[in-house]
Amino acid sequence: MTIEDDLADAMAAHVAEVQAGPGLGSAVRRGHRARVTRLRVAGAAIVTAAVAVTVPVMLNPGEPADNGQNQVVMRDDVTVPDMTGRRATEAAKALQDAGLKVALAGMRSDNGLVGTQEPAAGEVVARGSTVTLHVQLPPAPTPQALGDLGDGRKFGGIRLTYLPDGLEWGKWSKDDVVGPGKSYTTSFRKPGLQQADYAVQVIVAHGASADALYDFRPEPRTETVDLDGRPARLSKDGDSGGAGGPVTPSVTWKLRKDLAVKVLIGPEYAKEIDAMSELRKIAKGVRPVR
């Protein structure tokens, strides 16, 4: 007889007189189920923690443990989503929902589009990291009101004989922009830039619109200058600079009683050139045409 047989005989003799109560079986089964459930929950928690958290631990082989002095770094990582081409407001919300912070650079506009981003899409960063979105204004709508203007220098009843070197027509135009009469506008830009990134914009107004354009004076710092025998209003700040917006130097004058012209220099381009001098040159080169 083996030791196992002796142990079984002893246990049988010990419990031979014991009578199990009617609820004992169900109690045993409930206890068994409870222990199994606890084990399953604990196991699931261990697996979840192992999947959700990356725990890089670096130990030098051969060195003894230091009684808890080694620090285990726990980091919750996020894969940066692609925000390029999306509206800035939508992209910012999506990044915040993903657990990332947002910084905007470039044109601050509600309808601006994300051109590039840093870090790039697909990079893995720590939750709470900052993603910088470089925002651009969307292109001007097409088709254009005045169609193909060629080089753009002749439109709306005028011709531009002078523009700063290196500028090209922005390939857009719009009509009915000022007052009750006929009015038109278009712009010129540096090659390779979007339509919204203008260098020079020109507005032409006829009839009642000519008075509306010439009399519109939001500029806080405007001086009246002589422009080939005609008074012209020259502003260093432009329409929005005095109100804290982008500085757009401008000049406004009348070619005839019923024909007014306004020329504006774009905010970024104004930093590259002598804007006030160029405004005078452009204005002096404007000629009326039939």
Side-chain angles (χ1 to χ4, degrees), residues 137 140 144-146 149 151-165 167-170 172-190 195-290:
L137 288 178
Q144 305 304 336
L146 304 181
L149 297 178
D151 61 4
R153 295 192 179 213
K154 181 180 178 181
F155 79 100
I158 68 164
R159 179 167 55 89
L160 298 162
T161 65
Y162 172 82
L163 283 172
D165 291 336
L167 299 185
E168 64 180 16
W169 180 45
W172 76 277
S173 60
K174 185 171 176 55
D175 57 0
D176 297 331
V177 293
V178 179
K182 290 294 185 180
S183 56
Y184 314 89
T185 185
T186 191
S187 67
F188 303 84
R189 65 188 181 190
K190 295 172 66 174
Q195 292 170 340
D197 299 325
Y198 74 96
V200 174
Q201 181 174 0
V202 183
I203 303 172
V204 181
H206 295 261
S209 291
D211 294 332
L213 179 61
Y214 186 72
D215 293 337
F216 179 67
R217 286 188 285 177
E219 304 94 334
R221 291 189 294 172
T222 302
E223 60 175 316
T224 300
V225 299
D226 181 79
L227 192 64
D228 290 341
R230 295 184 295 270
R233 295 186 173 127
L234 186 67
S235 172
K236 183 178 180 180
D237 293 328
D239 293 354
S240 57
V247 172
T248 53
S250 65
V251 61
T252 309
W253 76 103
K254 282 189 173 182
L255 277 172
R256 297 190 307 256
K257 183 178 180 180
D258 62 343
L259 176 59
V261 181
K262 183 168 188 170
V263 179
L264 305 95
I265 302 291
E268 295 302 317
Y269 191 59
K271 300 174 184 178
E272 304 176 16
I273 62 172
D274 183 346
M276 306 306 282
S277 175
E278 290 298 327
L279 280 174
R280 289 173 179 266
K281 293 178 182 178
I282 296 170
K284 288 183 177 180
V286 174
R287 301 285 184 268
V289 295
R290 292 292 182 183

Shortest non-hydrogen contact from [X] toward [Y]:
X	Y	answer
Leu167	Ala199	CD2-CB, 3.7 Å
Tyr162	Lys281	CE2-CB, 3.4 Å
Ala232	Val251	CB-CG2, 4.0 Å
Val178	Ala212	CG1-CB, 4.0 Å
Gly152	Thr186	O-CG2, 4.3 Å
Tyr198	Pro267	OH-CD, 4.0 Å

Residues which pass side-chain contact (heavy atoms from CB on, under 4.5 Å) with Arg280, listed by chain and number, not counting sequence neighbours: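 Residues passing side-chain contact (heavy atoms from CB on, under 4.5 Å) with Arg280: Val225, Leu234.
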Qualifying residues under side-chain contact (heavy atoms from CB on, under 4.5 Å), relative to Lys284, sequence neighbours excluded: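 Only Leu227, Asp228 meet the side-chain contact (heavy atoms from CB on, under 4.5 Å) criterion with Lys284.
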What's the separation between atom [atom1] in [X] and atom [atom2] in [Y], rounded to the nearest 0.5 Å?
X	Y	atom1	atom2	result
Leu213	Lys262	CG	NZ	6.5 Å
Leu146	Lys154	CG	NZ	13.0 Å
Glu168	Leu163	CD	CG	11.5 Å

Within 6.0 angstrom of Lys182 NZ, more than 12 heavy atoms from elsewhere: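 Incorrect, the count does not exceed 12.
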Working for side-chain contact (heavy atoms from CB on, under 4.5 Å), residues Trp253 and Val263: CA-CA 9 Å; Trp253 76 103; Val263 179; 3.9 Å; yes
[X]: partners by side-chain hydrogen bond (donor to acceptor under 3.5 Å, both in side chains), with sequence neighbours left out:
X	value
Arg256	Asp258
Lys236	none
Ser209	none

Which residues share a salt bridge (Lys or Arg N to Asp or Glu O under 4.0 Å) with Glu223, sequence neighbours left out: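 Counting only residues at least two positions away or on another chain, Glu223 forms no salt bridge (Lys or Arg N to Asp or Glu O under 4.0 Å).
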Stepwise side-chain contact (heavy atoms from CB on, under 4.5 Å) check, Thr222 with Thr252: CA-CA 10 Å; Thr222 302; Thr252 309; over 6 Å; no
Glu268/Lys190 salt bridge by N-O under 4.0 Å criterion: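 Here Lys190 does not pair with Glu268 in a salt bridge, since their nearest N and O are not under 4.0 Å apart.
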Any donor-acceptor N/O pair, [X] side chain to [Y] backbone, under 3.5 Å:
X	Y	answer
His206	Tyr184	no
Thr161	Gly285	yes
Ser183	Val204	no
Ser235	Ser250	no

Side chain to side chain contact (heavy atoms under 4.5 Å, CB included) partner of Leu264, the single match among Ile203, Thr185, Val202, Val200: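 The single option meeting the side chain to side chain contact (heavy atoms under 4.5 Å, CB included) with Leu264 is Ile203.
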side-chain contact (heavy atoms from CB on, under 4.5 Å) evaluation trace for Arg189 with Tyr269: CA-CA 9 Å; Arg189 65 188 181 190; Tyr269 191 59; over 6 Å; no
Side chains of [X] and [Y] in contact at under 4.5 Å (non-hydrogen atoms):
X	Y	value
Asp151	Trp169	no
Lys254	Asp211	yes
Val286	Leu160	yes

